[in-house]
2 protein chains.
Amino acid sequence: MPGYDKYAFEPFAVTVDLAVLTLRAGALHVLLVERGQEPYLGHWALPGGFVLPDESAETAARRELAEETGLADVSGLHLEQLRTYSEPGRDPRMRVVSVAFAALLPDAPEPHGGGDAAQARWLPYDGTEPLAFDHDRILADAHDRVGAKLEYTCLATAFCPPEFTLGELQQVYETVWGTGLDRPNFRRKVLATPGFVEPVPGGAARLTGGRGKPAALYRAGTATTLHPPLLRPPREGRSA
Amino acid sequence: MPGYDKYAFEPFAVTVDLAVLTLRAGALHVLLVERGQEPYLGHWALPGGFVLPDESAETAARRELAEETGLADVSGLHLEQLRTYSEPGRDPRMRVVSVAFAALLPDAPEPHGGGDAAQARWLPYDGTEPLAFDHDRILADAHDRVGAKLEYTCLATAFCPPEFTLGELQQVYETVWGTGLDRPNFRRKVLATPGFVEPVPGGAARLTGGRGKPAALYRAGTATTLHPPLLRPPREGRSA
DNA sequence: AGGTTTATAGTCGGTACGACTATTAAAGGG
DNA sequence: CCCTTTAATAGTCGTACCGACTATAAACCT
């Protein structure tokens, strides 16, 4: 290693942790794996793994995403770096620095333990999961980040299939934020934002399994940011 | 290392890189160090260094910040993790994963090479600096992040001394965004946001060295977020 | 004193958004 | 087959907020 004193630094293990979020039946779900060894044996944890020698953290994250979800093609999925967790004691065995990512998926099938032996499952997110290591904090940070980015980006479409209704898009906001939104106002706002969604030409209704008037279908537009933003309703609970 | 196969991972060097920003004479400046060895000998680079065995990245960043600026107390300065850069080839010597931070300072004295031998200097930021490694990208990301956070947080006060005028606060926005703002409107917006700033009781003027009516002094308030946000004027240059 | 400079106060019109009502198009039940 | 139910879509109204602009106040300079 020319140029570096070989004792000037401590070598670390570098891993990625993934907060994989999706909407299932109107509720926010997160992909978790059950730990098969100590520490935290039997606890739920975020999927993740080591960064390989020739990988960037982003590459490793996408590889892990494919392995853990069992999906054939994860190239189109939204993957976003959250931040890096590096507290000295966060893994009792050794010094591990973990780069955390959030991944957003349309409703996906139950994973059948792709690469890893440990079982992976979708579990509903309620903000109070006790997870292994500092993973509950990572998950909470992921939720915060996604909720904030819904306000000023077009990120919500990452939770939707290629063609979706405005009602489904609204469900994304309501589920992530945990609030209700007025339907006509939401519709007006989304349609008034150029490039957020564009109508599917012949898009009458999807195969109508439901009651009521079938909704028109839309695709994600080309815009990435919302100007002006779509602000979530201010919390009533002003603490005194 | 119980529980880990000792060959399951590659050890990495973990460093922190700092984009230290300040306002000097109405222009955005960044703290840079001149490299004293290959690679990039003689190039400007962001200050930074290795994360020590018992440090988190945040702790290492604040230590480096103190060393490089030469400031006695950096505990009150705003320090924010940007993201982690981990491309395999970003340092030609070895595998280095770097956690990048942005630090915001009120106008600070010229650093006199605190801990490191390499000279550190404030240089004006114009967005086109060719820096060592991928530091120009880190710096651009820092600028983007700070500009975005000015919109929906009270971050601007981190660039100001403990007591400041509204004109100085406006200068922060104008300098970071590179746009002009209407002074009465800016004033109305800031004062209408509860907790953004609070007036200094006996705060007439600062030692008035300037011409014109002396401005009232304010301190940073307790609020951290701006609801509704203070949006930057939309860019006119809609590319075709 | 008069003019310059900068801070502060106030006005006015347009846009956007929250709350609400009305209409339309499907499914289902008697 | 009509009538109810359900959900999507259309439209209205008042207000908060924001951009653009004008007016006043308080310092300094010559």
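Convention: sequence-line order gives letters A, B, ...; per-chain numbering from 1.
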**Q** Can you list every stem that DNA chain C is part of, counting only runs of 3 or more consecutive Watson-Crick or G-U wobble pairs with both distances under 3.5 Å?
**A** C:1-30 with D:1-30

**Q** Indicate the atoms forming the closest heavy-atom contact of A:Gly48 with A:Asp17, along with that distance.
**A** CA-OD1, 4.1 Å

**Q** Testing the basics here: between B:Leu169 and B:Ala156, what is the closest heavy-atom pair and its distance to 0.1 Å?
**A** CD1-CB, 3.7 Å

**Q** Does the pair B:Arg62/B:Glu58 count as a salt bridge with the N-to-O cut at 4.0 Å?
**A** no

**Q** Round to a whole Å and report the spacing from CG of A:Leu181 to P of C:dG18.
**A** 9 Å

**Q** For nucleotides 1-17 of chain D, just jot down a letter per nucleotide in 5' to 3' order: B, S or -, based on protein non-hydrogen atoms under 4.0 Å.
**A** -----BBSBBB------

**Q** Please list, chain by chain and in numerical order, all residues satisfying ring pair (Phe, Tyr, Trp, His ring centres under 6.0 Å) with A:His29, sequence neighbours excluded.
**A** none

**Q** Between atom CZ in A:Phe186 and atom P in C:dG18, what is the gap in whole Å?
**A** 12 Å

**Q** Considering all heavy atoms of both residues, which atom of B:Gln171 and which atom of B:Gly26 are nearest to each other, and what is their separation?
**A** OE1-CA, 3.4 Å

**Q** Measure the distance from CD on B:Gln171 to P on C:dT6 and round it to the nearest whole Å.
**A** 11 Å

**Q** Please check if the distance between the ring centroids of A:Phe186 and A:Tyr173 is under 6.0 Å.
**A** yes

**Q** Please determine whether a side-chain nitrogen of the Lys or Arg among A:Glu174 and A:Arg232 lies less than 4.0 Å from a carboxylate oxygen of the Asp or Glu.
**A** no

**Q** Take B:Tyr152 and A:Tyr152 through the test ring-ring contact (aromatic ring centres under 6.0 Å, His included) and record every step on the way to the result.
**A** CA-CA 10 Å; B:Tyr152 55 95; A:Tyr152 55 95; 5.4 Å; yes

